[in-house]
Amino acid sequence: DAKTTQPPSMDCAEGRAANLPCNHSTISGNEYVYWYRQIHSQGPQYIIHGLKNNETNEMASLIITEDRKSSTLILPHATLRDTAVYYCIVRVGDNTDKLIFGTGTRLQVFP
Amino acid sequence: DTGVSQDPRHKITKRGQNVTFRCDPISEHNRLYWYRQTLGQGPEFLTYFQNEAQLEKSRLLSDRFSAERPKGSFSTLEIQRTEQGDSAMYLCASNGLTGGETQYFGPGTRLLVL
């Protein structure tokens, strides 16, 4: 079972920030939080990951709470092309880094 | 373009037929993963290779499924005697030498079993 909980869907106006929450209350100290997204009929696309510090790259920012039990992915200026399913994943295990996906959040960006 | 390629992109077959999919990982990656995704669900792990060794198989990988990576480069996933329940997107991902590095996914092969 996935170790994360996400809302099933969210809407965001184009040009506004999209804030996607994720709960991972059972995360272990050495587990990372990864975010992927999947645009319809394509393979998942890596967005960003972090351990405990906030992270930013050209696609998004990742804010992790101090207790690491939750995080938020921020798309600062959402566009229509950001419409996708967003998956928050906690990487499991030491001997394998298979990814366990939940059902994600379907983000709909509207004009 | 992540660099992982899969072939074919789409496959339609009749129930009972065998199908084979190919995955070419990013060239410097020694780990290769197969996932399956059904409609409305997130991808589910099937199996993974480190170089040519198949190190883990999910219980989802029934006896009709076999995966190989003979030279530690490309991989094939074969499904024998396909069933309608095998209809899904089959995704391949790869990552580097050390555990924990980011997995990059290919575009997937969409299988429809009639």
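Proteins come first, then strands; the chains are lettered A, B, ... in the order of their sequence lines, and each starts at number 1.
Residue B/Gln37 touches chain A through its side chain alone, counting heavy-atom pairs closer than 4.5 Å.
When hydrophobic clusters are built by joining Ile, Leu, Val, Met, Phe, Trp and Tyr residues whose side-chain heavy atoms come closer than 4.5 Å, directly or via intermediates, B/Tyr35 is not grouped with B/Tyr90. Under a hydrophobic clustering in which Ile, Leu, Val, Met, Phe, Trp and Tyr are joined whenever their side-chain heavy atoms come within less than 4.5 Å, directly or via other members, A/Val90 and A/Ile48 fall into the same cluster. Residues A/Met59 and A/Leu20 share a hydrophobic cluster, clusters being chains of Ile/Leu/Val/Met/Phe/Trp/Tyr side chains in contact below 4.5 Å.
In terms of the salt bridge (charged side-chain N to carboxylate O under 4.0 Å, His left out) criterion, residue partners of B/Arg22 (sequence neighbours excluded) are, by chain and number, B/Asp24.
Here the CZ-OG distance, from B/Arg9 to A/Ser41, works out to 9.0 Å after rounding to the nearest 0.5 Å. The distance from atom NZ of A/Lys98 to atom CG of B/Leu46, rounded to the nearest 0.5 Å, is 11.0 Å. In this structure, B/Gln103 CD and A/His49 NE2 are separated by 12.0 Å, a value rounded to the nearest 0.5 Å.
Side chains of A/Tyr46 and B/Asn95 form no contact here, defined as non-hydrogen atoms less than 4.5 Å apart.
Annotation for B/Leu39: atom CG does not count as buried by contact number, only 12 or fewer foreign heavy atoms lying within 6.0 Å. Heavy atoms of other residues, nucleotides or ligands lying less than 6.0 angstrom from CG of B/Leu112 number more than 12.
Contact between B/Leu91 and A/Gly43 at its shortest, heavy atoms only, is CD2-CA, 3.8 Å. Counting all heavy atoms, side chain and backbone alike, B/Gly42 lies closest to A/Tyr87 at CA-OH, 3.5 Å. When all heavy atoms of A/Tyr34 and B/Thr102 are compared, the closest pair comes out as CE2-OG1, 3.8 Å.
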